[in-house]
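In listed order, ligands and their atoms are each counted from 1.
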Amino acid sequence: MSEGEPRRSIATVCLSGTLEDKLAAAAAAGFDGVEIFENDLVASAHSPAEIGARCRELGLGVDLYQPFRDFEAVPPARLADNLRRAERKFDVMEQLGCDLVLVCSTVSPEAVDDDELAAAQLRELADRAAARGMRVAYEALAWGRFVNTYEHSWRIVRRADHPALGVCLDSFHVLSRGGDPALIRTIPGEKLFFLQLADAPRLDMDVLQWSRHHRLFPGQGSFDLKTFAGNVLEAGYRGPLSLEVFNDVFRQADPGPAAVDAMRSLRLLEDQLGYPVAEPAPALSGYAFTELAADATTARDLTAALAHLGFAHTGDHRSKPVQRWTNGSTHLLVNTNSPAKRTAEGEADPGADRGRAAIGALAVESGDPLRSARRAEAMRSPILARERGPEEAGLAAVAAPDGTDVFFCDSGARDGWRSDFRDTGEPSASRLAITGIDHVSLTQPFDHFDEAALFYRSVLGLEPEEVTEYAAPFGMVRNRGMLDAAGSVRIALNGTLVRRGQWAPAVRDPQHVAFACADVLEAATALRADGAPVLRIPDNYYDDLDARFGLDPELLGQLRAHSVLYDRDARGEFLHVFTELFGDRVFFELVQRIGGYAGYGVANAPVRMAAHRRQRAAS
Ligand SMILES: O=C(O)c1ccc(O)c(O)c1
Ligand SMILES: [Mg+2]
């Protein structure tokens with residue numbers, strides 16, 4: 001499908017703050033309309049008419065007023081009361097300038113399991129609504145007492161057979177119960193009155209709790225929203241695509257950026273559905289470079305470690321204190337100009353006295369850097385204005401949610417990023433052959449994990465892998481790999497599962513660059529002989545490896561002697577070795593993938609974290 005752009009709406013319940021805060025954020029992010037959640041209106045000091053006027057000023061339509069609860073299939077006395085209640089809400093809607101009310105399927109203990117009665121009472125409600133130029137959308141809650149599937153809500157709507165009564169589809173209620181969205185196509189488009197979109201992580205828990213705390217914006221979770229929404233559009237629905245996401249983090253987050261995150265999610269979904277919202281993400285072909293920001297002292301430690309890893313200082317930036325370090329065709333920039341950024345805000349920093357180092361920028365090789373930048377802009381990502389000298393390349397760059405800069409490069413171009421550097425004349429060939437950057441691992445602050453995954457997915461076109469979790473010495477950690485279609489750019493996102501307090505004894509928000517290497521054991525042997533700062537791994541780890549894998553004793557002995565870690569999956573094996581920490585949070589890894597091993601050795605991460613803690617305690 002590729003008609004014009006759809007109408008985009010967002011439920012006020014997605015965002016933090018007062019109703020006025022929410023409306024301002026939704027408008028600023030470019031939404032066309034809102035679903036006003038009743039609680040937000042009730043708590044507002046402004047009358048419905050004033051809110052309606054404010055929405056018009058902001059260019060927002062009030063697309064839905066919600067929810068009306070526990071209306072249908074009740075005894076006659078209760079019906080009269082419910083109709084009285086409904087008329088009061090129609091008054092509110094009239095003032096708001098809204099003509100669609102959402103009725104959720106009942107959870108009332110008073111209700112009875114009687115479709116005929118439900119249909120008759122909803123017909124009566126629709127009649128009252130129609131008399132005021134309004135319509136009613138009936139939504140099956142996944143935990144509805146009798147009506148909890150969209151098929152059932154549609155049977156009742158069909159039975160009621162009233163032009164002012166239709167169905168509201170909510171992807172969460174359908175997909176959380178494993179419902180089949182294909183049957184949506186059997187509903188006539190004009191009876192689909194509203195579409196609410198929410199994603200969610202795969203969780204095995206009470207569906208109401210899941211819905212009220214863990215919904216995510218489309219593209220952030222595990223639901224197949226492309227197929228879901230595709231079915232709704234095929235059925236002929238032409239109303240708004242509206243986000244309805246109940247999420248504990250977003251409800252506390254600054255509504256400005258949260259609304260932008262929401263808009264990005266909708267644009268990614270539209271892109272997947274074939275709307276002409278963005279040019280496709282150009283193919284990537286690996287990392288051009290990674291840039292570390294560090295203070296001068298930490299930079300000396302970092303570059304000493306890079307020298308051990310076979311990197312040579314091959315270039316100096318023409319106008320900034322940035323060194324280029326190279327091993328073969330793998331480049332690392334060390335920048336002592338911009339202070340290393342911290343990702344988490346407002347907390348005491350236990351590593352501050354260690355000096356600062358951080359991954360300041362990632363640069364990927366793009367088939368078309370300018371198109372990459374245009375896509376980023378279409379996906380509502382801030383384009384960075386770069387200071388540059390007269391002879392320097394105009395690099396296209398955007399800011400990731402965690403503050404990392406992302407550059408799009410074409411290293412083959414005559415005026416590419418490399419021309420910004422004066423060659424030192426040092427050769428880049430090395431005895432320790434690094435074949436590329438295997439992955440970059442970025443720890444995300446708790447509040448930005450899902451936002452970061454969506455950013456890399458929508459802007460760079462990386463596909464997210466399944467979320468894994470593991471128990472680490474300083475908390476449960478969530479890990480999510482992201483990979484481009486060619487398998488050339490990998491990013492591993494990590495983050496703790498709950499907000500971490502002050503007790504973060506080793507390092508907070510560690511970040512690292514993992515280099516690919518053809519023979520990690522040989523490299524580790526050389527590093528050892530060289531006196532490189534290799535992270536020591538304890539014997540217990542190797543005893544356990546032996547128990548788990550029954551490794552060849554000679555291999556096990558070599559792994560143990562050189563602090564090389566090991567993992568295996570159905571497709572292959574993984575050998576890796578870590579350096580010690582530099583500054584407050586950065587380290588390096590050498591990795592060797594054998595066969596089709598696709599992971600990141602996360603089973604070994606807790607051992608690495610404890611070892612970094614020991615390193616810190618000893619120094
Ligand atoms: O959790 C709820 O109560 C609730 C209310 C309205 C909705 O549209 C919904 O999907 C859930
Ligand atoms: Mg809903």
Side-chain angles (χ1 to χ4, degrees), residues 8-15 19 22 26 33-43 62-72 82 85-86 89 92-93 98 100-109 111 122 125 135-154 156-157 165-177 179 181 184 187 192-201 203 205-218 221 223 225 228-229 232 237 239-248 250-251 262 265-266 269:
R8 306 180 178 101
S9 301
I10 184 166
T12 57
V13 74
C14 300
L15 300 170
L19 183 53
K22 295 172 187 220
V34 287
E35 302 178 26
I36 293 188
F37 213 69
E38 180 154 279
N39 301 8
D40 287 316
L41 182 78
V42 170
V62 183
D63 293 342
L64 185 79
Y65 186 69
Q66 71 135 326
F68 197 86
R69 295 182 192 274
D70 296 335
F71 175 81
E72 78 283 20
N82 286 352
R85 198 157 49 96
K89 296 305 161 189
V92 168
M93 289 164 59
C98 170
L100 187 62
V101 65
L102 179 82
V103 173
C104 297
S105 61
T106 187
V107 299
S108 168
L122 283 165
L125 180 68
R135 299 184 307 153
V136 176
Y138 183 51
E139 175 185 26
L141 298 178
W143 55 90
R145 184 149 173 237
F146 304 115
V147 177
N148 44 43
T149 64
Y150 75 88
E151 295 96 318
H152 197 171
S153 62
W154 165 231
I156 290 176
V157 165
L165 181 69
V167 169
C168 169
L169 290 172
D170 178 326
S171 60
F172 180 87
H173 297 302
V174 179
L175 300 176
S176 62
R177 297 177 52 103
I184 292 171
I187 307 176
L192 295 174
F193 279 11
F194 206 73
L195 173 61
Q196 296 176 321
L197 294 166
D199 203 341
L203 294 171
M205 66 186 295
D206 172 68
V207 71
L208 184 148
Q209 295 296 325
W210 187 12
S211 175
R212 295 236 175 113
H213 297 275
H214 301 284
R215 288 192 185 203
L216 292 169
F217 293 123
F223 287 171
L225 288 174
F228 180 87
V232 180
Y237 175 76
L241 304 185
S242 189
L243 299 169
E244 190 198 30
V245 171
F246 305 80
N247 178 290
D248 292 338
F250 304 148
R251 280 183 159 193
S265 81
L266 210 42
L269 180 64

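D170 is linked by a salt bridge (charged side-chain N to carboxylate O under 4.0 Å, His left out) to R215, counting only residues two or more places apart in sequence or in another chain. Applying the ring-ring contact (aromatic ring centres under 6.0 Å, His included) test to F193 and every residue at least two apart in sequence or in another chain returns nothing.
Below the 2.8 Å limit, the Mg ion (ligand 2) has as protein N, O or S neighbours E139 OE2, D170 OD2, Q196 OE1, E244 OE1.
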Full working for side chain to side chain contact (heavy atoms under 4.5 Å, CB included) between D248 and H214: CA-CA 7 Å; D248 292 338; H214 301 284; 5.5 Å; no
Stepwise side chain to side chain contact (heavy atoms under 4.5 Å, CB included) test for L243 and S265: CA-CA 9 Å; L243 299 169; S265 81; 4.0 Å; yes
Could you pull out the N/O contacts under 3.5 angstrom between ligand 1 and the surrounding protein atoms?
| residue | atom | partner | partner atom | Å |
| --- | --- | --- | --- | --- |
| ligand 1 | 1 (O) | R212 | NE | 2.7 |
| ligand 1 | 1 (O) | R212 | NH2 | 3.3 |
| ligand 1 | 3 (O) | R69 | NH1 | 2.7 |
| ligand 1 | 3 (O) | R69 | NH2 | 3.0 |
| ligand 1 | 3 (O) | R212 | NH2 | 2.8 |
| ligand 1 | 8 (O) | E139 | OE1 | 2.6 |
| ligand 1 | 8 (O) | E139 | OE2 | 3.2 |
| ligand 1 | 8 (O) | Q196 | OE1 | 3.1 |
| ligand 1 | 8 (O) | E244 | OE1 | 3.1 |
| ligand 1 | 8 (O) | E244 | OE2 | 2.7 |
| ligand 1 | 10 (O) | E139 | OE2 | 3.2 |
| ligand 1 | 10 (O) | D170 | OD2 | 2.9 |
| ligand 1 | 10 (O) | H173 | NE2 | 2.6 |
| ligand 1 | 10 (O) | R215 | NH2 | 3.1 |
| ligand 1 | 10 (O) | E244 | OE1 | 3.0 |

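Taking the six-membered ring wherever Trp is involved, the centroid distance between the rings of F172 and F246 does not fall below 6.0 Å.
Using a 3.5 Å distance cut-off with no hydrogens or angles, the side chains of Q196 and E35 do pair a donor with an acceptor.
Residues F228 and I184 meet the side-chain proximity criterion, which asks for heavy atoms closer than 4.5 Å. Between V13 and R251, the closest side-chain pair of non-hydrogen atoms falls below 4.5 Å. F37 is not listed as a side-chain neighbour of K22, based on a closest heavy-atom distance of 4.5 Å or more.
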